[in-house]
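Chain letters run A, B, ... following the sequence lines, proteins first and then strands; every chain starts at 1. Bear in mind that the values here come from a model prediction, so they are computed numbers and not experimental data.
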There are 2 protein chains.
Amino acid sequence: MTATLDATFAALADPTRRAILARLAKGEAGVMELAEPFAMSQPAISKHLKVLERAGLIARGRDAQRRPCKLVAAPLKDVDLWLARYREMWEERLELLDGVLDDLKRDEARSKRKRK
Amino acid sequence: MTATLDATFAALADPTRRAILARLAKGEAGVMELAEPFAMSQPAISKHLKVLERAGLIARGRDAQRRPCKLVAAPLKDVDLWLARYREMWEERLELLDGVLDDLKRDEARSKRKRK
């Protein structure tokens, strides 16, 4: 699990690889299709695909000609589980901020009433 | 935002750095305290702290002697936002799996009734 998270996070630390995943979230695609939106050679895209495949984030079809890629969501679910323990930290902070904003609004309403 | 996600994911791709964040989730700590549970020199830990600080995942106090570190959750929230679009993919898959399990259970119950 630790090794998997290492590979997952490392694979996600590149904007091209994240863009490839975003494209695959819409459906399977071959290397040619994936390379198209990027100003990148097919070998460069293939290299990124290898990193994603090693991290288990994509799987490639058996079709020898096209070898279509598809997204595998399981490692992203592991990232989500890892994030869970931190989630309450920013949620708490947002609640604190909400509280401060409510106080400010109440003070403003009060001072408006006084001015009338 | 793209550059920030790059730095965040790269910083998270190391088990020591993730362990440091887990420790800091419990409260501020100095370099000495952070180095203790790891079989690692203080300079090695300091290097990891620099990566985390550059990624905005930790902030360091002004206290010149100790410079206590604290967790900054904002970049993790960005990871959470990035993950959101994929979340429904594994949730859908889990629902599908639940459906398959329900079908299996129903079939088993039916065949048991027949056997009686």
Side-chain angles (χ1 to χ4, degrees), chain A residues 1-29 37-38 48 51-52 54-59 69-98, chain B residues 1-29 37-38 48 51-52 54-59 69-98:
Chain A
M1 172 73 171
T2 305
T4 313
L5 273 179
D6 284 7
T8 306
F9 282 128
L12 295 177
D14 180 277
T16 305
R17 290 197 290 268
R18 291 198 303 277
I20 290 173
L21 292 181
R23 165 64 190 81
L24 293 177
K26 293 181 202 159
E28 291 190 6
F38 304 103
H48 282 308
V51 176
L52 289 169
R54 245 181 275 130
L57 283 160
I58 65 166
C69 303
K70 68 173 186 177
L71 180 67
V72 181
L76 296 177
K77 201 191 160 189
D78 290 339
V79 170
D80 195 54
L81 286 174
W82 179 84
L83 265 185
R85 74 171 103 180
Y86 301 99
R87 194 161 291 131
E88 65 187 42
M89 295 194 68
W90 68 77
E91 277 165 3
E92 264 170 34
R93 213 147 299 176
L94 283 178
E95 273 165 33
L96 275 174
L97 206 64
D98 276 348
Chain B
M1 170 75 171
T2 305
T4 313
L5 273 178
D6 285 6
T8 306
F9 282 128
L12 296 177
D14 181 277
T16 305
R17 290 197 290 268
R18 290 198 303 276
I20 289 172
L21 292 182
R23 165 62 191 81
L24 293 177
K26 293 181 202 158
E28 291 189 7
F38 305 103
H48 282 308
V51 177
L52 289 169
R54 246 181 275 129
L57 283 160
I58 65 166
C69 303
K70 67 174 186 176
L71 181 66
V72 181
L76 296 177
K77 201 191 160 190
D78 290 340
V79 170
D80 195 53
L81 286 174
W82 179 85
L83 265 185
R85 73 170 103 180
Y86 301 98
R87 195 161 290 132
E88 65 186 44
M89 294 193 69
W90 70 75
E91 277 167 3
E92 264 170 36
R93 212 148 300 176
L94 283 179
E95 274 166 33
L96 275 174
L97 206 65
D98 276 347

**Request:** Under 4.5 Å heavy-atom distance to chain B, tell me which part of A11(A) shows up: side chain, backbone, both or neither.
**Result:** neither
**Sub-4.5 Å side-chain heavy-atom contact between L76(B) and W82(A)** = yes
**Prompt:** Under the side chain to side chain contact (heavy atoms under 4.5 Å, CB included) criterion, do F9(A) and T8(B) qualify, and how do the steps go?
**Reply:** CA-CA 9 Å; F9(A) 282 128; T8(B) 306; over 6 Å; no
**Prompt:** Do you know which two heavy atoms are closest between A13(A) and D6(B), and how far apart they sit?
**Reply:** CB-O, 3.7 Å
**Request:** Measure distances from D14(B) to the heavy atoms of chain A and classify the residue's part below 4.5 Å as side chain, backbone, both or neither.
**Result:** backbone
**Asked** Checking A74(B) against chain A: side chain, backbone, both or neither under 4.5 Å from a heavy atom?
**Response** neither
**Item:** Test item: L71(A) and Y86(B) side chains (from C-beta on) under 4.5 Å apart, heavy atoms
**Value:** yes
**Message:** Applying side chain to side chain contact (heavy atoms under 4.5 Å, CB included), can you list everything that pairs with A29(B), at least two apart in sequence or on another chain?
**Reply:** R23(B), L24(B), E33(B), L34(B)
**Message:** So for L12(A), is it side chain, backbone, both, or neither that comes closer than 4.5 Å to the heavy atoms of chain B?
**Reply:** both
